[in-house]
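In what follows, a structure is listed as structure tokens, so that the remarks can point back to it.
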2 protein chains.
Amino acid sequence: MKQEVEIMLKSKEINPTVNRMLVLDYLLELKSSISLTDLELSLESFDRVTLYRTLKTFEERGLVHKIEDGMGITKFAICQDSCEAGMHHDLHVHFYCHSCKQTFCLPKTQIPEVKLPENYQRQEMELIVKGICSVCVK
Amino acid sequence: MKQEVEIMLKSKEINPTVNRMLVLDYLLELKSSISLTDLELSLESFDRVTLYRTLKTFEERGLVHKIEDGMGITKFAICQDSCEAGMHHDLHVHFYCHSCKQTFCLPKTQIPEVKLPENYQRQEMELIVKGICSVCVK
DNA sequence: TAAACATTGCAATACAGTTGCATGCCGTTT
DNA sequence: AAACGGCATGCAACTGTATTGCAATGTTTA
């Protein structure tokens, strides 16, 4: 497992330090996305700034992507395989649960095509659905 | 014009103070949405906190709605007629322009239907398209 | 008029995001 | 081995937005 994480980092040209392997390992296990603050609480061994820079590095190298959770908090999640550095293919839907405050990627739910008014040029899209997730609904 | 603004406020059971009439008037003229900070810069006559509370009141009474602009900034825009206090029908698309940093409501562009995985309950949706707006594209 | 309530401004706090700088580690060069 | 460079990390500090507390002022009501 550690081996696998190390290989992932190297394949993105990221120096596999202990910190970075721990963070990546944590993110890979994670079912949803996570904010910097929550990551800090989960991995107490490292400084907030270090985690901040780790996530920033991961994002720049196309390992994770940022999600605006629709409540003003930035969260991070592992990219799909199809992502590359500087070019995220992140057109799936994100789901924010009002109950557990988690933000889930719904990779199987594509954002439908949207027609824009004339002369509007699209570059990215974000679709956030808010409600109650399948765990909290029970 | 002032009269109209006053009537709007009263119809939402908001005391029409000078401050509130100015803010509402400004929002009605506005083609896009605005952040608290930008509103503060536009209407220098009032304290930031007062404007903050004004927008909060407006939102609670269903006069404006919050928009997450997708870059972590909260903005406000006048609601459509169909909105009521505590129940915003805000299912249209928002467009964030990377060039002028403005966030536009595109009321004629409906969010297409999205199928969620089983047991996910939808309450609200936000679709933010980012790119270049029709003014900046020229 | 006095009491009650609403509105506003100032100060202070909370918190996410971010930057600067010093330190320590590691591999390379001389 | 010693000196050098680059990278990773931690601490402190700063920025900007959001938010609350409290006092002062203004307005309504009994």
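Within every chain, numbering begins at 1; the chains are lettered A, B, ... in the order of the sequence lines, protein sequences first and strands thereafter.
Neither OP1 nor OP2 of C:dT7 sits under 4.0 Å from any side-chain N or O of B:Thr50. Taking only side-chain nitrogens and oxygens, B:Ser35 never comes nearer than 4.0 Å to OP1 or OP2 of D:dT17. For B:Thr37 and D:dG16, the shortest distance from a side-chain N or O to OP1 or OP2 is not below 4.0 Å. Contact check, A:Thr17 against D:dC7: no side-chain N or O comes under 4.0 Å of OP1 or OP2. For the OP1/OP2 pair of D:dT9 and a distance below 4.0 Å, the side-chain nitrogens and oxygens of A:Asn19 include at least one atom meeting the criterion. Side-chain nitrogen and oxygen atoms of A:Arg48 include none within less than 4.0 Å of the OP1 or OP2 phosphate oxygen of D:dG10.
If you measure from atom CD1 of A:Ile14 to atom C1' of D:dA8, you get 14 Å, rounded to the nearest angstrom. Straight-line distance from the CG atom of B:Leu55 to the P atom of C:dT8: 12 Å, rounded to whole Å. In this structure, CG of A:Asp69 is placed 17 Å from P of C:dC15, rounded to the nearest angstrom. Rounded to an integer number of Å, the gap from A:Arg20 CZ to D:dG10 C1' is 15 Å. Per the geometry, CZ belonging to B:Phe46 stands 13 Å off P belonging to C:dT7, to the nearest Å. A:Met71 has its CE atom 13 Å from the C1' atom of D:dA18, to the nearest Å. Between the CG atom of B:Leu41 and the C1' atom of D:dT17 there is a distance of 13 Å, given to the nearest Å. C:dG17 atom C1' lies 16 Å from atom NZ of A:Lys75, rounded to whole Å.
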Protein heavy-atom contacts under 4.0 Å, written 5' to 3' over nucleotides 20-30 of chain D as B (base), S (sugar-phosphate only) or - (none), form the string BB---------

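Ranked by how close their nearest DNA chain D nucleotide is to the 5' end, B:Leu36 and A:Leu51 are led by A:Leu51.
Remark: B:Arg53 engages no residue in a side-chain hydrogen bond (donor to acceptor under 3.5 Å, both in side chains) (not counting sequence neighbours). By the side-chain contact (heavy atoms from CB on, under 4.5 Å) test, B:Leu43 is found to be paired with B:Val23, B:Tyr26, B:Leu39, residues two or more places apart in sequence or in another chain being considered. For B:Phe104, there are no ring-ring contact (aromatic ring centres under 6.0 Å, His included) partners at least two apart in sequence or on another chain. Residues satisfying the side-chain contact (heavy atoms from CB on, under 4.5 Å) criterion with A:Val137, sequence neighbours excluded, are A:Ile132, B:Asn119, B:Gln121. Under the side-chain contact (heavy atoms from CB on, under 4.5 Å) criterion, B:Thr74 pairs with B:Lys66, B:Glu68, B:Phe76, sequence neighbours left out.
Between A:Val64 and A:Leu55, the closest heavy-atom pair is CG2-O, 3.9 Å. Nearest heavy-atom pair, B:Lys10 versus B:Pro16, reported as atom, atom and distance to 0.1 Å: CE-CG, 3.8 Å.
Within the structure, the ring pair (Phe, Tyr, Trp, His ring centres under 6.0 Å) test picks out the following pairs touching residues 106-138 of chain A (sequence neighbours left out): A:Tyr120-B:Phe95.
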Check nucleotides 23-28 of chain C for protein N or O atoms closer than 3.5 Å to its own N or O atoms and list the pairs.
none

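Residue B:Ile128 is found in a hydrophobic cluster whose other members, listed by chain and number, are B:Met71, B:Tyr96; membership requires side-chain heavy atoms under 4.5 Å apart, directly or through intermediates.
In this structure, B:Ile14 CD1 and B:Arg61 CZ are separated by 5.5 Å, a value rounded to the nearest 0.5 Å.
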